[in-house]
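Worksheet: one structure, shown below.
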Amino acid sequence: MEDLYALSEPELAARLKALGQPGYRAKQIRGWLYEKGAASFQEMTDLPKPLRDTLEASFCLGALAIETEQNSKDGTIKRLYKLHDGQLVEAVLMAYEDGRRTACISSQAGCAMGCVFCATGQMGFARQLTSTEIFEQAALYARELTQRGERLSNVVLMGMGEPFHNYDAVLEAIRRLQRELGIGARHITVSTVGLAPKIRQFAEEGLQVTLAISLHAATDAERSALLPINDRWPLAELLDACRYYVEKSGRRISFEWALIAGKNDQPQEAERLGRLLSGLPCHVNLIPLNPTTRYEGAPTALSDAARFVEVLERYGVPATVRVRRGIDIDAGCGQLKSTVLKRRVEPPAPPAR
Ligand code: SAH
Ligand code: SF4
């Protein structure tokens with residue numbers, strides 16, 4: 001069955017023409033899909049019933065199957081989607097009190113970058129996602145929100161995978177988020193481990209998308225030990241690319257820093273980071289580490305996180321400690337998938353006596 005989300009307006013128009021339908025139908029159906037959030041053809045009440053039945057027999061509204069779903073007490077929904085070939089990817093929806101509804105979506109099945117503390121990195125790379133597979137993760141949440149009178153307001157590409165290692169598909173998905181779901185560029189964030197040439201290319205696109213850089217360490221030796229890709233594009237090169245992005249886009253950059261107890265959370269690291277970023281329009285997001293099975297580090301104590309913020313402030317570098325959302329449901333990058341896989345290989349529990 002063909003996925004309707006995979007078709008552009010002209011492609012849909014061609015399919016409908018072959019069914020003997022008038023030209024305006026494509027726009028009408030896309031209105032149902034992207035504005036009214038229809039989840040079935042039968043909801044498209046201004047289409048003749050025979051057409052609805054014909055469409056239902058040959059098209060589906062979304063090709064992602066929900067493998068598992070977990071709901072957190074704080075309103076976070078975390079899903080593992082199964083793709084047509086059995087690959088699993090994660091997508092999370094976060095609800096904030098100020099009304100924001102943010103989808104965190106994946107750009108690849110697995111990841112080739114090998115960051116030591118990341119559950120996705122620990123799994124390795126499986127394959128690239130298509131632009132539709134990326135877009136649809138957000139579109140499905142958007143449609144559910146629309147159905148209950150809410151709206152998807154933000155999208156962050158911070159799920160599984162390295163977005164700039166799948167550059168063209170990610171860019172196309174971003175354009176569709178803007179065009180079809182009406183999400184403004186400023187409400188879209190792309191997070192990268194720091195592929196410097198791609199950051200420069202992204203700067204040339206002229207988008208107002210927020211760029212987040214996963215920094216996590218302020219010296220090359222420490223950063224390479226956590227993020228092996230740092231050997232390829234060391235800090236000096238990465239920060240040059242960041243300055244270029246700021247210059248071109250006029251936007252400040254977000255830097256991500258996973259606080260690992262006793263490793264990168266002490267005042268001397270904050271001092272080094274302050275010196276590195278001083279003068280660059282930016283914001284630092286401090287995220288206490290989510291523990292993963294194959295990395296021994298532990299999350300920072302909140303008092304150390306607060307001290308880290310104070311040191312950065314002295315350098316004029318604004319920073320906030322990010323509230324961990326959905327922590328009770330494995331909402332760290334790649335964590336739901338690794339939990340599900342682990343459960344699958346574990347022998348069934350012995351019967352209760
Ligand atoms: N590949 C991209 C985007 C996905 S990861 C990137 O690395 O930026 C999204 C963010 O989660 C990154 O900042 C990443 O470093 C961070 N992250 C990964 N594993 C984590 C963990 N166990 N605890 C805290 N942050 C983690
Ligand atoms: Fe890939 Fe990002 Fe995880 Fe690194 S942190 S392994 S780049 S998903």
Side-chain angles (χ1 to χ4, degrees), residues 87-92 104-129 134 156-167 170 189-199 202 211-239 241-242 253-265 269 272-273 276-277 284-300 308 322 324 327 330-339 341-342:
Q87 287 298 332
L88 300 171
V89 294
E90 298 178 12
V92 185
C104 174
I105 62 175
S106 297
S107 56
Q108 299 179 312
C111 184
M113 301 296 136
C115 306
V116 296
F117 52 74
C118 171
T120 309
Q122 292 161 7
M123 284 167 208
F125 177 73
R127 73 160 166 91
Q128 302 289 14
L129 299 192
I134 299 168
V156 298
L157 279 131
M158 286 194 182
M160 299 169 74
E162 165 50 42
F164 284 173
H165 186 214
N166 189 14
Y167 188 90
V170 162
T189 301
V190 178
S191 174
T192 175
V193 69
L195 310 191
K198 295 292 178 191
I199 294 171
F202 197 60
L211 184 63
I213 309 284
S214 299
L215 207 53
H216 308 309
T219 65
D220 280 320
E222 284 166 322
R223 193 164 187 271
S224 291
L226 294 173
L227 283 51
I229 200 69
N230 187 72
D231 284 337
R232 185 101 166 261
W233 293 290
L235 282 168
E237 223 174 308
L238 173 57
L239 283 155
C242 290
I253 290 193
S254 287
F255 288 100
E256 309 286 303
W257 188 282
L259 285 165
I260 311 168
K263 184 128 188 134
N264 66 356
D265 66 343
E269 265 90 40
R272 275 197 218 115
L273 178 60
L276 192 69
L277 298 184
V284 176
N285 280 317
L286 300 162
I287 315 129
L289 183 81
N290 268 317
T292 52
T293 41
R294 278 186 262 169
Y295 181 66
E296 288 199 333
T300 293
F308 204 92
R322 206 195 284 159
R324 293 204 278 164
I327 191 68
D330 300 315
C333 171
Q335 289 188 309
L336 179 60
K337 180 174 169 191
S338 50
T339 309
L341 292 180
K342 209 162 64 201

Expected output: side-chain [X] to main-chain [Y] donor-acceptor under 3.5 Å:
X: Asn166; Y: Leu129; value: yes
X: Asp220; Y: Leu235; value: yes
X: Ser106; Y: Glu90; value: yes
X: Arg223; Y: Pro234; value: no
X: Thr120; Y: Gly161; value: no
X: Asn264; Y: Ala258; value: yes

Subject >> Approximate separation, where rounding is to 0.5 Å, of Leu277 CG and Leu239 CG >> reply: 6.5 Å
**OP:** Measure the spacing between OG of Ser107 and CD of Glu162 and express it to the nearest 0.5 Å.
**Re:**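 Spacing of OG (Ser107) from CD (Glu162) equals 6.5 Å.
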**OP:** Would you please classify the geometry between the Phe202 ring and the Phe164 ring as parallel, tilted or perpendicular, with 30° and 60° separating the classes?
**Re:**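 Tilted: the ring planes of Phe164 and Phe202 meet at 30° to 60°.
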Original post:
Going by the angle between their ring planes, with limits at 30° and 60°, are Phe125 and His165 parallel, tilted or perpendicular?
Top reply: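 Tilted, since the angle between the ring planes falls between 30° and 60°.
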**OP:** Scan side-chain atoms only and decide if Glu256 and Ser191 contain a donor-acceptor pair under the 3.5 Å cut-off.
**Re:** no
**OP:** Evaluate the salt bridge (charged side-chain N to carboxylate O under 4.0 Å, His left out) criterion for residues Arg272 and Glu222: first the C-alpha distance (whole Å), next the side-chain angles of each, then the deciding distance (0.1 Å), finally the verdict.
**Re:** CA-CA 12 Å; Arg272 275 197 218 115; Glu222 284 166 322; 3.4 Å; yes
